[in-house]
Structures are given as structure tokens and as C-alpha cells.
Enquirer: 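Below you'll find the structure I mean.
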Amino acid sequence: MKYEKKQRPIIGVITAIANSIEQRKILSGIIEQAQLYNMDTAVFSNIYNSNQPEHKIEAENKIYDLALSDELDALIIISESFVNTELRKNLRNIIIRQLHLPVVVAGTAVEEFSLPGVRFINTSDVRDIEDIATHLIEEHNFRSIDILTGFPELEVSHLRVEGYRNALESHGIPFDESRVHYGTFWMESGEELAEKYISGELPFPEAVICTNDYMAYGMLDKFMDSGIAVPEKISVTGYEDVQQRIFYSPLLTTYQRNRAETGRRAVKIVYNRLNGKKEEFLPPPSGKLIHGESCPCRCRPEQINEELKAARLKNYYESLNLFSQMEPQLTECHNLEEFIGIAGEYQFLVRYVQNIFLCLSENWCDTDNKTESSIITFRSIMPWLDNTPVTADKYQISRIFSLSSEPAVYYFNPLFYGTEMFGYLVLKYDTPDTYDDAYRNWIKSVSNGLAFMRMKNDIKYLMECRNLSEQYDSITGLYSSKSFEKAVNYSAEKNRQIILILMKTNITSPENSLDSYSSAVSISKEIAEALKLLYHGGKSCHCGKIDRNLYAFSAAGDFADNFDRLLTERLIALMIHKTSCVREYGLNSFQCAGMMMSAEEFEYETASEKLMNEIRAAAAEYAEKNKQQNFEKFSKCRDEIYLNPAGISDPEIISRDFCFSTGHFRHLYKSFFEVSFHQDCILSRMTLAKYLLCSVSMDISTVSEKCGYEDPKYFTRLFHQNIGYTPVKYRELF
């Protein structure tokens with residue numbers, strides 16, 4: 001699977017429950033227009049869109065962090081989809097950070113999204129309702145017309161009344177405030193108003209305009225239950241066309257807002273801004289009346305046929321998902337490869353999708369790590385496609401897009417369980433299409449399956465702790481001391497050279513000083529992963545946990561000169577940037593020592609003792625230095641430099657915190673660490689580069705940028721000067 005650099009501009013779309021009919025209509029217009037302009041569309045959407053901030057599914061809204069990707073060229077926000085005020089506030093912060101891009105809000109103006117340079121576009125509530133009222137007046141000669149609108153405190157409720165009033169007055173019909181009724185935009189409002197007509201509290205009008213379909217459905221149900229004939233006794237119209245009218249009788253006459261055109265215009269605005277073109281002013285797009293049988297109109301058979309087809313298709317996929325054995329099979333999986341095979345087998349449950357990518361955080365299965373990693377592993381789950389995993393920064397969304405030679409739409413949906421985020425799924429469609437409601441069950445099954453698999457791994461570790469294996473360490477799965485020695489000696493019999501590396505951790509703390517057992521287990525697992533990543537080029541590589549805080553690595557084969565030094569330095573880079581050991585306990589909390597010798601001369605006990613003596617000497621030297629004044633403070637400063645190598649490296653700024661002159665700060669730094677402050681800053685960046693080059697799938701330019709160098713050529717020269725290899729050659733070594 002070949003992932004290339006970004007090929008086309010990318011429009012990011014921020015929405016909620018993208019499968020809802022209103023969002024789907026806007027998205028269809030966005031996608032269609034973006035494809036005409038040769039632009040990709042990335043849609044970031046939650047699944048449930050809870051209006052309860054304290055709810056357990058709030059983790060799903062972490063998906064919107066992806067909208068901070070610097071690969072996006074523009075943002076479109078579908079405003080009406082967000083019902084949670086706290087979420088709107090969080091999205092506002094994301095938009096603020098992306099205001100250097102063209103930003104368009106499609107839908108009702110929302111206070112949280114009203115920011116400098118943000119353009120709002122929408123259909124016209126006033127004109128749409130005016131069209132409905134005009135139809136009733138001109139086509140059916142009605143004069144007695146009531147209107148049921150929404151909450152009186154909402155501006156949109158009054159805008160829709162304004163359209164109703166305009167139509168009446170333009171036809172010489174007096175506006176009567178008593179004919180305006182306020183509701184909740186939900187079905188009970190229609191039921192309550194219908195009851196008032198039926199009871200005689202209000203006189204029957206010739207027609208009622210309900211300013212959304214749901215209130216109209218409530219009214220139709222109440223009239224049918226009471227034996228009131230529609231439209232013979234009273235006509236009822238809806239608004240917004242939520243495409244559920246085939247479930248009610250009589251068939252509702254409603255109005256379809258032109259949301260697709262709203263989406264198309266949003267993209268046109270973005271395109272013009274990106275290309276420096278003058279923005280064309282256009283009036284809000286007009287919608288159209290959808291004829292039914294709740295007014296004297298006759299419905300159109302082709303329209304009903306399309307709605308019935310859509311309903312049958314939806315019912316078909318819902319049935320497939322309901323009776324699918326996908327979830328129980330996923331919960332029985334023991335590893336990720338098996339899991340992907342099952343998910344791929346059931347990909348057909350996601351309607352018309354062209355590709356599905358499983359994107360998991362680097363630490364998704366670690367129950368002790370509550371911080372979501374920024375490193376993601378992408379892979380397609382489609383059985384007929386290449387499923388090779390590729391690792392990258394989670395914001396590098398174009399890595400997936402580059403697989404397609406033509407523009408497409410990609411839906412990013414969260415994978416989470418409770419309060420923890422595992423990563424996300426990406427659905428690819430080549431046409432202006434959207435997933436449907438049944439997909440919510442599909443992705444829920446995937447999330448639950450991942451949660452079960454992670455839980456089983458934890459249970460496995462607990463069981464291993466109770467029944468210790470003689471061959472493997474129960475926590476990390478690494479060779480135990482005796483097994484490691486046996487494996488290394490066996491390798492020495494079969495190969496020319498042996499490399500042995502020992503690493504002692506917890507040097508700066510007493511033996512039992514780790515904060516908790518769970519913390520110790522978490523760090524042990526991380527170190528084990530670092531050792532496993534260290535090198536795969538030898539004929540035989542082994543990793544072991546020799547003692548509580550002593551780890552070992554060996555490789556056998558034919559090696560270049562000083563390769564033991566390169567491996568030891570690489571292990572240090574992995575410890576700094578892959579494990580939490582340094583973040584919690586500092587650079588001086590571990591010591592490494594390595595050696596390379598011919599297999600004929602190799603004797604495990606002698607070699608191990610020699611390396612341990614080196615580690616003890618380094619630890620003793622640290623202990624002596626730690627007695628010196630200011631050493632601990634300087635050590636913390638050095639920790640920060642290595643953990644954040646692209647951060648502040650100006651000695652004048654740092655020395656102020658020490659209340660030293662810059663010269664005195666430099667002098668003490670070199671006396672403590674035997675390297676100048678300036679050179680150590682360079683080495684910290686080179687350490688990060690060594691980690692990125694062999695642990696993450698990044699091109700050299702990106703690695704250079706991550707290390708704080710804008711010029712890749714300068715970075716390459718500096719890397720060669722300090723490491724002895726070019727970045728490309730260094731990557732090839734491992």
C-alpha cells in the first residue's frame with residue numbers, strides 16, 4: 001500500500017450525526033461541487049451527538065481535533081447539527097485556530113461560530129414559508145390559514161411567521177396574530193393544536209402551515225385518531241422534508257429546502273477565496289414544494305416511488321445489521337489481524353462504501369495510558385485490498401487520500417468506548433454519498449470488539465502474574481533471565497558476531513519508588529515495545545527482562561563497525577520518545593551499555609558483567625554529580641530540552657530562570673554534562689530524528705520540520721555531521 005504526499009486541496013467539513021437527512025443534503029452539495037473543483041472532502045462527525053455534556057459518550061467528540069490538521073485548505077461547518085452548547089464552544093476554539101483558512105458556516109447563524117472572516121450562508125426561512133402560504137392561497141384559494149411555529153424565544157420561529165405574514169398581506173389578506181401558534185418543533189405541539197380544534201377551543205381554519213414536518217406529523221396522527229378527514233375538513237402542510245412521510249397518513253404536503261445548493265455555494269465561496277477570485281453575491285437558494293395528499297394537491301407517483309425505494313433500502317440494511325453475527329465474532333478475536341479479517345468480512349453492511357480504513361492510536365490497547373497518542377496506524381480492512389499498516393501522525397489525513405487518483409469524500413468517525421478514544425474509522429465514497437443510520441450499529445460493534453480485545457489482554461496479564469512462566473516475564477512477554485541467556489548462547493553458536501545491550505532503569509529512585517503498580521506495569525510494557533522495535537535486521541534478535549529494572553537486547557549476524565553504538569543510541573532515542581519513563585523520572589533514570597564481539601569470543605556471563613560495571617560506574621558518577629549544587633535543577637532543564645527538542649533553546653531565556661548570567665549558565669551546563677548547551681540542543685534534535693526516521697512513516701522533509709529545521713538540506717547536513725550517516729542511510733540501517 002503506497003501512501004504519497006497530499007495530491008489535492010482538502011475541504012474539511014465539521015458536522016454532527018452526518019447520517020441525518022438535513023446533513024446528508026448539505027453534504028451531497030458540498031461533495032459534488034468539491035469534486036468538480038478537483039478537491040477532496042474530509043467530513044469529521046460524531047455518531048450520537050448527545051446533548052448531555054456529562055454523558056459517557058463525550059469521548060466521541062474528540063474526533064473534531066482532526067479539524068486542526070494543517071493539511072486542510074478550508075473549513076465548512078454545518079451549524080444546525082450541533083445541539084450541545086458546550087460542544088459548540090469547543091468547536092469555536094478549533095475554528096479560531098483555523099481562521100487563517102477560508103471558513104464558511106452553512107445553516108442557521110450560531111453565536112459561537114460568529115467570528116471575524118467567517119461567512120454564513122443559508123436558505124431563507126422567510127421566503128420558503130412565503131412560498132408555502134402562496135401555494136395555499138393561489139392554488140387552493142384558501143383565506144383562513146393558521147401557522148404553527150417553534151419556540152417563541154427562537155429567531156427562526158419568528159422568521160417563519162414573517163414569511164407567512166408576507167404572503168397574506170401580498171394577497172390582500174389581513175394578518176391576524178391569533179392565528180399564530182407557538183410550539184416546540186416536535187410532534188406533541190401538533191397534537192396539542194389539533195386537540196384545540198377538535199374540542200372547539202379554536203375554530204377550524206381551512207389550512208394549517210406547520211413550520212417543520214414533525215409538528216405536522218403529530219397533527220395528522222391526532223386528526224386520524226379522532227376521525228377528522230384531511231384535507232376535506234382541514235389541510236395540513238409541513239416544512240423541511242425529513243423524508244418520513246410514507247409512515248403517516250394522509251401523505252404530507254411539505255417543502256424541501258434547497259440544502260444541496262447551500263452546500264454547493266459554500267464550496268464556491270471557499271474556492272473563490274483560495275484562488276483570489278471576487279466573491280459573487282447570490283440570493284438564498286429557493287426550495288420546492290413536495291406534493292402530497294394533506295392538501296387538495298395530488299401527489300406525484302415518481303416522487304412516492306423514490307421515497308419507497310429509499311425506505312426499502314434503509315430497511316434492508318437495518319435488517320442486515322440487526323441479524324448480523326459481526327459483533328459476537330469481533331468480541332471473540334484475540335489479535336488485531338483476526339479482528340481486521342472479521343471486520344472486512346462484514347464490510348458489505350456499510351451501504352455502498354468503496355473503502356474502510358481502521359485508524360488506531362499507537363496506545364489504543366493500553367488501559368493505563370489515559371492520553372491519546374498522536375501517532376496513528378492506518379490500514380484498509382477491505383479483503384481484496386492491501387491491508388499493510390502504515391504509521392503516521394494522526395493529522396496527516398492526506399496519507400489515506402493519496403491512494404485515490406480522483407477526488408473523493410472521506411468520513412472520519414470516532415472509535416471509542418466509554419471515556420476513552422481508540423482512534424477512528426474512515427469511510428471513502430467516490431460519489432456524493434453518505435452512510436446511513438444502520439452504520440451506527442456497525443461502528444458500535446467495531447468499538448465494542450476493540451474494547452473486548454483490550455480487556456482480554458489485560459485479563460491475560462493478570463493471569464500470567466498469578467501463574468509465572470519460567471520462560472517469559474509475565475508482564476512484558478519478554479524472555480526471562482535464564483531463557484534470554486540460553487537464546488543468546490544459541491545464537492552465538494550459529495553466527496559470526498553478537499551484539500549485547502543492557503539497560504538499567506529506576507536508577508534515580510529507590511527500588512520501590514514507582515507511584516503505583518499500574519504505573520510500573522505500564523512503563524514495563526512501553527520498554528518492552530521499545531526493545532522489540534530496536535532492530536530487525538539481524539538473523540536472530542532477542543529481548544529479555546533480566547531483573548525487576550534490568551532489560552537486555554541481543555542481535556546476531558554480520559554488522560558494520562560501531563553498530564553496537566548505533567543500536568545503543570537508538571534505544572536511548574526510543575526510551576525518550578516512546579516511553580513515559582523519561583517524562584516521569586528524567587533522562588538520568590536509566591543507563592545503557594552495549595558491546596559487539598565475535599561469536600567465538602563471546603561468553604554471556606563475562607559480557608554481562610562487563611556491561612553492568614559500565615552501568616554501575618555511570619550511575620555512581622551521576623550520584624556524585626547529584627550532590628553538587630544546582631545539578632538537579634540543570635538536569636530538569638536538560639530533560640525538557642530532550643523531551644521537547646524543537647522548543648525554546650535560547651540560553652539567554654533559560655539562564656534568566658536560573659538567575660545566572662548566560663556565560664555562567666553555559667559553563668555549569670558543560671561541567672555537569674560534558675557537552676556544551678548549544679551542542680546538546682542539536683543532539684536532542686538528532687535524537688528525535690533517530691526516533692522518527694525508524695519508528696514512524698515520515699518523509700525526510702517532515703522529519704526535518706518536526707525536529708525544528710525548516711530546510712531539509714541543512715537538516716541532512718547536520719544529521720550526517722553528528723551521526724555519521726545521512727538520514728536516508730540511517731533509516732536503511734534499521
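Just so it is clear, the values below take in all heavy atoms, side chains as well, and ignore hydrogens, waters and symmetry mates.
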Enquirer: Do Ser445 and Asn448 get their side chains close enough for a donor-acceptor pair, meaning under 3.5 Å?
Expert: no

Enquirer: With rounding to the nearest 0.5 Å, note down the distance linking NZ in Lys713 to CD1 in Ile700.
Expert: 14.0 Å

Enquirer: Is it true that atom CD of Glu632 has more than 12 heavy atoms of other residues, nucleotides or ligands lying nearer than 6.0 Å?
Expert: no

Enquirer: Listed by chain and number, what are the side chain to side chain donor-acceptor pair (under 3.5 Å) partners of Glu603, not counting sequence neighbours?
Expert: Thr606

Enquirer: How about Thr388 and Asp386: does a side-chain donor come under 3.5 Å of a side-chain acceptor?
Expert: yes

Enquirer: Taking all atoms of both residues into account, what is the closest heavy-atom pair of Met421 and Ala59, and its distance?
Expert: SD-O, 3.5 Å

Enquirer: May I ask you to decide if Pro328's main-chain N or O and Thr331's side chain share a donor-acceptor pair within less than 3.5 Å?
Expert: yes

Enquirer: Will you find, in the side chains of Thr377 and Glu362, an N or O donor that is under 3.5 Å from an N or O acceptor?
Expert: no

Enquirer: Measure from the side-chain N and O atoms of Ser398 to the backbone N and O of Phe401, and report whether any donor-acceptor pair falls under 3.5 Å.
Expert: no

Enquirer: Show me the donor-acceptor pairs, under 3.5 Å and distance only, between side chains in residues 715-724 and residues at least two apart or in other chains.
Expert:
unit_1	atom_1	unit_2	atom_2	d
Thr716	OG1	Pro712	O	2.9
Asn722	OD1	Gln679	NE2	2.7
Asn722	ND2	Leu718	O	2.9

Enquirer: Tell me every residue that passes side chain to side chain donor-acceptor pair (under 3.5 Å) with His577, counting only those two or more places apart in sequence or in another chain.
Expert: none

Enquirer: Taking the six-membered ring for Trp, are Phe416 and Tyr424 ring centroids under 6.0 Å apart?
Expert: no

Enquirer: What residues, two or more places apart in sequence or in another chain, satisfy side chain to side chain contact (heavy atoms under 4.5 Å, CB included) together with Asp547?
Expert: Leu550

Enquirer: Might you confirm whether atom CZ of Phe348 has over 12 heavy atoms from other residues, nucleotides or ligands at distances under 6.0 Å?
Expert: yes

Enquirer: For Glu338, give me all partners under salt bridge (charged side-chain N to carboxylate O under 4.0 Å, His left out), at least two apart in sequence or on another chain.
Expert: none

Enquirer: Only counting residues at least two apart or in another chain, list the ones meeting salt bridge (charged side-chain N to carboxylate O under 4.0 Å, His left out) with Arg565.
Expert: Glu569

Enquirer: With distance as the sole test, does Gln396 use its side chain to make a donor-acceptor pair with the main-chain N or O of Asp393 at under 3.5 Å?
Expert: yes

Enquirer: What residues, two or more places apart in sequence or in another chain, satisfy ring-ring contact (aromatic ring centres under 6.0 Å, His included) together with Tyr395?
Expert: none

Enquirer: Please find the pair of heavy atoms, one from Cys592 and one from Leu571, that lie closest to each other, and give the distance.
Expert: SG-CD2, 4.0 Å

Enquirer: Residues in side chain to side chain donor-acceptor pair (under 3.5 Å) with Asn613, at least two apart?
Expert: Arg616

Enquirer: Hydrogens and angles aside, do Tyr725 and Glu732 bring a side-chain donor and acceptor to less than 3.5 Å of each other?
Expert: no

Enquirer: Output all residues satisfying side chain to side chain contact (heavy atoms under 4.5 Å, CB included) with Cys694, sequence neighbours left out; order by chain, then residue number.
Expert: Arg570, Tyr730, Phe734

Enquirer: Is a donor on one side and an acceptor on the other found under 3.5 Å between the side chain of Asn588 and the backbone of Ser635?
Expert: no

Enquirer: List in chain and number order the residues that pass salt bridge (charged side-chain N to carboxylate O under 4.0 Å, His left out) with Glu710, two or more places apart in sequence or in another chain; answer none if no residue qualifies.
Expert: none

Enquirer: Does CD in Glu71 sit with more than 12 non-hydrogen atoms of other residues, nucleotides or ligands closer than 6.0 Å?
Expert: yes

Enquirer: What residues form a salt bridge (charged side-chain N to carboxylate O under 4.0 Å, His left out) with Glu614, not counting sequence neighbours?
Expert: none

Enquirer: Has the side chain of Ser483 got a donor or acceptor atom that lies under 3.5 Å from a matching backbone atom of Tyr479?
Expert: no

Enquirer: Quick check: closest heavy atoms across Ala555 and Phe553, and the distance to 0.1 Å?
Expert: CB-CE2, 3.9 Å

Enquirer: With no hydrogens and no angle check, is any side-chain donor or acceptor of Ser402 less than 3.5 Å from a backbone partner on Arg399?
Expert: yes

Enquirer: Does anything in residues 676-685 form a salt bridge (charged side-chain N to carboxylate O under 4.0 Å, His left out)? List the pairs, not counting sequence neighbours.
Expert: Arg638-Asp680

